[in-house]
Amino acid sequence: MKEIILFDGVCTFCNSSVQFILKRDLKQRYLFASLQSEVGKDLLKTHGISENINSFVLIEGERYFTKSSAALRVCRNLKGQYRFLSIFRFVPAPIRDIFYHVIANNRYKWFGKQESCMLPSPEDRQRFLD
């Protein structure tokens, strides 16, 4: 079953993170949609998540994860040493999320904001939900 990652489509850091995941998700486990897209908004509504969320979201079937929990769940399925980052899931979420919030709250200032959502390459296009 495919899992869905919802990301901030105008955030440069978030778009870079999607590209990072695409290169390391050898089993093509993840599909992607921006939070700003109709699909993204529908998925947020379906799962009872606020449209004002300041996090990317990982949807696994009926369950969803946000913030550091989502990031670490994604890491466990990536190739290379990145899967070992998932060991941090044993650190309590409130502690992990302190670091997540620092990045999330400063992402536009540190990394910039794009005028529009990224356009995936033709080979990655089928992994993005319209």
Side-chain angles (χ1 to χ4, degrees):
M1 179 170 82
K2 299 280 187 184
E3 298 171 10
I4 301 169
I5 294 174
L6 302 178
F7 65 100
D8 182 348
V10 297
C11 168
T12 301
F13 178 73
C14 303
N15 281 291
S16 296
S17 297
V18 168
Q19 293 300 318
F20 179 88
I21 294 166
L22 281 167
K23 290 178 186 171
R24 290 160 183 83
D25 178 22
L26 298 181
K27 295 181 180 176
Q28 297 189 354
R29 179 182 196 115
Y30 300 109
L31 298 175
F32 302 89
S34 75
L35 290 164
Q36 295 85 359
S37 70
E38 289 306 314
V39 170
K41 290 177 184 178
D42 287 345
L43 287 165
L44 290 174
K45 187 175 183 177
T46 297
H47 291 278
I49 306 167
S50 169
E51 280 191 32
N52 297 323
I53 190 162
N54 193 19
S55 172
F56 82 91
V57 179
L58 172 64
I59 299 173
E60 296 178 352
E62 297 299 315
R63 298 173 57 195
Y64 72 89
F65 302 89
T66 62
K67 303 177 186 170
S68 64
S69 296
L72 294 174
R73 289 185 77 85
V74 169
C75 285
R76 72 184 174 157
N77 294 307
L78 301 180
K79 78 171 186 174
Q81 69 272 20
Y82 304 102
R83 70 175 33 146
F84 297 111
L85 292 173
S86 67
I87 191 105
F88 288 106
R89 70 186 184 279
F90 296 110
V91 174
I95 294 170
R96 293 189 323 250
D97 286 343
I98 290 170
F99 299 102
Y100 189 93
H101 285 289
V102 169
I103 294 170
N105 291 334
N106 292 290
R107 68 188 186 272
Y108 296 139
K109 181 170 50 172
W110 293 346
F111 304 103
K113 193 172 181 179
Q114 300 176 346
E115 292 298 317
S116 60
C117 297
M118 65 177 257
L119 292 174
S121 66
E123 55 272 5
D124 291 330
R125 181 69 195 117
Q126 77 276 2
R127 299 194 50 204
F128 286 80
L129 304 173
D130 290 328

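As the structure is a prediction and not an experimental result, all values here were calculated from the model.
- In terms of modelled atom types and a separation under 3.5 Å, the side chain of Arg83 and the main chain of Cys75 share no donor-acceptor contact.
- For the pair Ile5/Leu31, no side-chain contact is recorded, criterion being any heavy-atom separation below 4.5 Å from C-beta on.
- Formation of a donor-acceptor pair under 3.5 Å by the Asn106 side chain with backbone atoms of Val102 is found in this model.
- A cation-pi arrangement is absent between Arg107 and Phe13, since the terminal nitrogen or guanidinium carbon is not both under 6.0 Å from the aromatic centre and inside a 45° cone about the axis.
- Looking only at distances, no side-chain donor or acceptor of Arg24 sits under 3.5 Å from a matching main-chain atom of Gly80.
- Tyr100 and Ile98 are assigned to two separate hydrophobic clusters, defined by single-linkage of ILVMFWY side chains at heavy-atom distances under 4.5 Å.
- The closest side-chain heavy-atom distance from Phe7 to Ser34 is below 4.5 Å.
- Within the model, atoms CG of Leu43 and CD1 of Ile49 stand 8.5 Å from one another, a figure rounded to the nearest 0.5 Å.
- Looking at Lys27, its side chain never comes within 3.5 Å of a backbone N or O of Leu78 through a donor-acceptor pair.
- Of the possible donor and acceptor atoms, one in the side chain of Ser55 sits under 3.5 Å from a partner among the backbone N and O of Lys67.
- Under the 3.5 Å distance criterion, the side-chain polar atoms of Asn77 are left unmatched by any main-chain donor or acceptor of Asp25.
- Annotation: the span from Lys79 atom NZ to Lys23 atom NZ amounts to 10.0 Å, rounded to 0.5 Å.
- Placement of Leu22 and Leu26 in two distinct hydrophobic clusters is found when ILVMFWY residues are connected by side-chain heavy-atom separations under 4.5 Å, directly or transitively.
- In this structure, the side chains of Lys45 and Glu51 stay at 4.5 Å or more apart for every pair of heavy atoms.
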For side-chain contact (heavy atoms from CB on, under 4.5 Å), just list the numbers for Lys2 and Gln28, CA-CA rounded to whole Å, side-chain angles, deciding distance to a tenth of an Å, and then say yes or no.
-> CA-CA 8 Å; Lys2 299 280 187 184; Gln28 297 189 354; 3.9 Å; yes

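- Looking at Leu6 and Leu44, their side chains come closer than 4.5 Å, going by heavy atoms from C-beta outward.
- Here CG of Leu35 is found 10.0 Å from NZ of Lys41. Values are rounded to the nearest 0.5 Å.
- Counting heavy atoms from C-beta on, the side chains of Arg73 and Glu60 come closer than 4.5 Å.
- When atom types are taken as modelled, the side chain of Thr46 and the backbone of Asp42 share a donor-acceptor pair closer than 3.5 angstrom.
- Remark: side-chain polar atoms of Asp97 are paired, donor with acceptor, to backbone N or O of Ser68 under 3.5 angstrom.
- Closest of all the heavy-atom pairs between Ile95 and Phe99 is O-CD1, 3.7 Å.
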Evaluate side chain to side chain donor-acceptor pair (under 3.5 Å) for Asn105 paired with Asn54, printing each intermediate quantity in order.
-> CA-CA 8 Å; Asn105 291 334; Asn54 193 19; 2.8 Å; yes

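- Sorted by first and then second residue, the ring-ring contact (aromatic ring centres under 6.0 Å, His included) pairs with a member in residues 14-57 read Phe20-Tyr82, Phe32-Phe128; sequence neighbours excluded.
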Could you check Leu72 against Arg96 for side-chain contact (heavy atoms from CB on, under 4.5 Å), going step by step and ending with a plain yes or no?
-> CA-CA 10 Å; Leu72 294 174; Arg96 293 189 323 250; 3.4 Å; yes

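- Leu58 is listed as a side-chain neighbour of Glu3, based on a closest heavy-atom distance under 4.5 Å.
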